[in-house]
*Asks:* 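I have a structure here, written as structure tokens, and I will follow up with some questions on it.
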Amino acid sequence: MKCYKCGGELSEKDFCTRCGADVGVYKKIIYASNIYYNDGLAKAGVRDLSGAIVSLKQSLKFNKNNIEARNLLGLVYYEMGEVVAALSEWVISKNLRPKKNIADDYINDLQDNPSRLDQINQTVKKYNQALAYCYNESYDLALIQLKGVLKLNPRFVQAHQLMALLHINNEDWEKARKELNRCIRVDANNTMTLRYLKEVEQQLETDEAVSGQGRKKKTIAEEAVVYQSGNETIIQPLNVKEPIRSSAFLNIMIGLLIGLGVGFFLIAPARTKQSQEDSAKEIRQISENLDAKTAEITEYVSRVKALEDENAALQDEIEGYTGADGQIHTVDSLMEVAKAYLETPEEYEKLGDMLYGVNVDYVQNEASEAYKHLYYGLMEKVGTQIAGKLYEAGVEALHQSDYTTAIEKLEKAWFFDQTNGESLYQLAQAYRMSDNEEKAKETYEKVVELFPDSTISKNAQEYLEE
């Protein structure tokens with residue numbers, strides 16, 4: 001366990017042995033978070049996903065940086081078919097720990113599969129449309145939408161529960177029990193599922209008892225009616241009906257035809273108009289829901305993009321401090337020069353190479369006064385000792401047509417002693433002889449600017465005119 005203040009390893013003591021911070025309460029908080037995480041892990045292992053969600057959320061209340069608990073919570077959401085909630089947890093986890101985080105693999109698996117993302121989007125739309133149909137009491141349309149949802153995502157627990165509720169509303173208890181059993185196979189201890197299942201089982205037991213009593217009465221009922229007519233005994237079976245006279249039958253058929261005609265000409269147009277109005281209303285509602293969901297998904301995408309941009313900006317800022325040209329590296333390089341100077345002050349060439357590698361832009365624009373004082377002090381001590389040697393070595397290399405070495409030595413000579421115009425002029429010569437006309441022109445112009453009344457300035461001007 002790390003100290004929250006200094007990052008050092010904690011011992012069994014209630015204080016940090018490194019910085020002395022009081023970590024007694026902090027340890028209890030971390031232990032509590034880990035206990036709830038282990039409880040959530042155990043519940044997830046036996047498919048008590050609802051209980052696992054409660055424990056993992058409690059773990060994150062104690063320690064929001066518990067990456068393992070957050071990743072497991074995302075997996076539990078994903079297993080229950082709630083992909084958007086799972087993706088949200090994994091994105092938060094990735095931003096808390098950008099490197100060595102398995103949440104990155106989970107997110108990439110989804111992002112690398114456009115068809116899967118489209119399937120998730122369709123699932124959300126259809127499920128919300130089914131809810132809208134339920135609010136409008138269009139239960140048959142809601143059932144159709146939910147079948148499409150479960151075809152795309154068979155483990156969507158909330159969709160199974162809503163379909164079971166619709167079957168309960170239709171008193172189709174057997175189908176409701178099948179849907180609830182599918183829920184239990186995914187989430188074995190979901191409170192709402194168990195409550196629905198208890199109600200369904202009670203109704204099924206009641207129906208079985210009623211149907212059993214009906215069969216019993218039927219077996220003991222008399223199969224015929226017996227009555228006296230004068231001196232005769234009449235026995236009439238129960239299922240035998242007296243024949244209907246033909247005239248009565250004809251009147252009944254005429255009445256039915258008249259009723260159908262009235263219904264067709266009077267009732268049907270009104271029903272058709274009402275149906276058209278209901279359809280138009282449903283279409284408007286669908287359009288509004290689609291717009292709302294599209295806006296919500298766009299907002300989620302924007303939030304993810306903003307978090308990724310913020311993470312990239314933080315990474316760039318860290319790189320600015322710790323990179324090859326960062327502030328920490330620059331400060332360390334100057335400290336190394338100072339250390340080498342204290343240990344071996346006579347090795348001027350080694351000290352010069354080290355001092356030449358210090359970032360001058362940082363010294364001039366960002367460094368503190370103490371840092372600048374140390375830098376320029378070392379430059380004064382070291383630079384004056386080696387500038388002349390570097391100049392001589394550069395001129396000798398130039399005479400031997402070794403322009404690469406000449407440029408290297410003369411650049412350093414001018415760097416350590418910018419009062420020696422000869423170093424700058426010979427550097428321009430080396431650039432010109434190595435066919436680097438752009439650098440040669442730039443360096444000649446610098447000679448003319450810094451040493452205007454000297455012989456080297458006149459020579460440089462002649463070369464510029466050429």
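Hydrogens, waters and symmetry mates are skipped; everything else that's a heavy atom, side chains included, is used. We count residues from 1, following the sequence as given.
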*Asks:* Using atom types as modelled and distance alone, determine if a side-chain donor or acceptor of Asn95 lies under 3.5 Å from a backbone N or O of Val91.
*Replies:* yes
*Asks:* Write down the atom of Ile67, the atom of Ser93, and the distance for their closest heavy-atom approach.
*Replies:*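 Minimum heavy-atom contact is CG2-OG, 3.4 Å.
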*Asks:* Would you check if the side chain of Asn289 reaches a backbone N or O of Gln285 as a donor-acceptor pair within less than 3.5 Å?
*Replies:*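 Confirmed, Asn289 side chain pairs with Gln285 backbone.
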*Asks:* With a 4.5 Å cut-off on side-chain heavy atoms, are Leu49 and Tyr77 touching?
*Replies:*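 No, every pair of side-chain atoms sits at 4.5 Å or beyond.
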*Asks:* Please examine the side chains of Glu411 and Tyr431, heavy atoms only from C-beta on, and report whether any two atoms are closer than 4.5 Å.
*Replies:* yes
*Asks:* So do Ile120 and Asn153 actually touch side chain to side chain, heavy atoms under 4.5 Å?
*Replies:*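 No, every pair of side-chain atoms sits at 4.5 Å or beyond.
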*Asks:* Any side-chain donor-acceptor pair under 3.5 Å between Gln429 and Tyr444?
*Replies:* yes
*Asks:* So, do Ile144 and Asp140 sit near enough that their side-chain heavy atoms are less than 4.5 Å apart?
*Replies:*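 Ile144 does not reach Asp140 side chain to side chain.
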*Asks:* Please tell me if the side chains of Tyr78 and Trp90 come closer than 4.5 Å, counting only heavy atoms from C-beta onward.
*Replies:* yes
*Asks:* Kindly indicate whether the side chain of Tyr133, heavy atoms from C-beta on, has any atom under 4.5 Å from the side chain of Glu282.
*Replies:*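 Counting from C-beta outward, Tyr133 and Glu282 do come under 4.5 Å.
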*Asks:* Is the shortest heavy-atom distance from the side chain of Leu141 to the side chain of Gln145 under 4.5 Å?
*Replies:* no
*Asks:* With distance as the sole criterion, is a donor-acceptor pair present between the side chains of Ser50 and Asn190 under 3.5 Å?
*Replies:*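 A pair is found: one side chain offers a donor N or O, the other an acceptor, under 3.5 Å apart.
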*Asks:* Where is the tightest heavy-atom contact between Ser434 and Tyr403, given as atom of each residue plus distance?
*Replies:* CB-CB, 3.8 Å
*Asks:* Counting distance only, does the side-chain N/O of His160 pair as donor-acceptor with the main-chain N or O of Pro154 below 3.5 Å?
*Replies:* yes
*Asks:* Within the supplied structure, the quantity of interest is the number of heavy atoms (other residues, nucleotides, ligands) at a distance under 6.0 Å from Glu137 CD; does it exceed 12?
*Replies:*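 Count not over threshold, so no.
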*Asks:* Could you tell me if the side chain of Val149 sits less than 4.5 Å from the side chain of Leu162, heavy atoms only?
*Replies:* no
*Asks:* Hey, mind stepping through Glu174 and Arg177 against salt bridge (Lys or Arg N to Asp or Glu O under 4.0 Å) and telling me if it holds?
*Replies:* CA-CA 5 Å; Glu174 192 62 38; Arg177 181 164 63 179; 3.0 Å; yes
*Asks:* Identify the two heavy atoms, one from Val448 and one from Ala460, that lie closest to each other, and give their separation to 0.1 Å.
*Replies:* CG2-CB, 4.0 Å
*Asks:* Measure up the Phe62 and Tyr36 rings against each other and bin them: parallel (under 30°), tilted (30 to 60°), perpendicular (over 60°).
*Replies:*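 Geometry flag for Tyr36 against Phe62: parallel rings.
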*Asks:* Closer than 3.5 angstrom, by distance alone: can the side chain of Asn108 be matched with the main-chain N or O of Asp104 as a donor-acceptor pair?
*Replies:* yes
*Asks:* On a heavy-atom basis, which atom in Asn420 and which in Phe451 lie closest, and how many Å separate them?
*Replies:*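 Minimum heavy-atom contact is C-CZ, 4.3 Å.
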*Asks:* Any chance you could measure Leu427, atom CG, to Glu442, atom CD, to the nearest 0.5 Å?
*Replies:* 10.0 Å
*Asks:* Does Ser59 use its side chain to pair, donor to acceptor, with the backbone of Ser55 at less than 3.5 Å?
*Replies:* no
*Asks:* For Tyr127, which of Leu152, Leu150, Leu146 qualifies under side-chain contact (heavy atoms from CB on, under 4.5 Å)?
*Replies:* Leu146
*Asks:* Do we see a donor-acceptor contact under 3.5 Å between the side chains of Asn66 and Ser33?
*Replies:* yes
*Asks:* Determine whether the side chains of Asn71 and Asn101 contain a donor N or O and an acceptor N or O closer than 3.5 Å.
*Replies:* yes
*Asks:* Does a salt bridge link Glu68 with Arg97, judged by any charged N lying under 4.0 Å from a carboxylate O?
*Replies:*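 Arg97 and Glu68: salt-bridged.
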*Asks:* Report yes or no: does Arg47 contribute a side-chain atom to a donor-acceptor pair with the main-chain N or O of Val186 at less than 3.5 Å?
*Replies:*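 Yes; at least one donor-acceptor contact below 3.5 Å.
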*Asks:* Before accepting this row, confirm whether a basic side-chain N of the pair Lys198/Glu201 lies closer than 4.0 Å to the acidic partner's carboxylate O.
*Replies:*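 Not counted as a salt bridge, because no side-chain N and carboxylate O are separated by less than 4.0 Å.
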*Asks:* Between Arg182 and Glu179, is the salt bridge (Lys or Arg N to Asp or Glu O under 4.0 Å) condition met? List the steps.
*Replies:* CA-CA 5 Å; Arg182 292 190 180 103; Glu179 291 299 328; 2.8 Å; yes
*Asks:* Could you tell me the separation between the CD atom of Gln426 and the CH2 atom of Trp414, rounded to the nearest 0.5 Å?
*Replies:*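 Gln426 CD to Trp414 CH2: 13.0 Å, rounded to 0.5 Å.
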*Asks:* Check whether Asn169 reaches the backbone of Leu165 with its side chain - one donor and one acceptor, N or O, closer than 3.5 Å.
*Replies:*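 Not at all, since once roles are kept as given, no pair shorter than 3.5 Å links the two residues.
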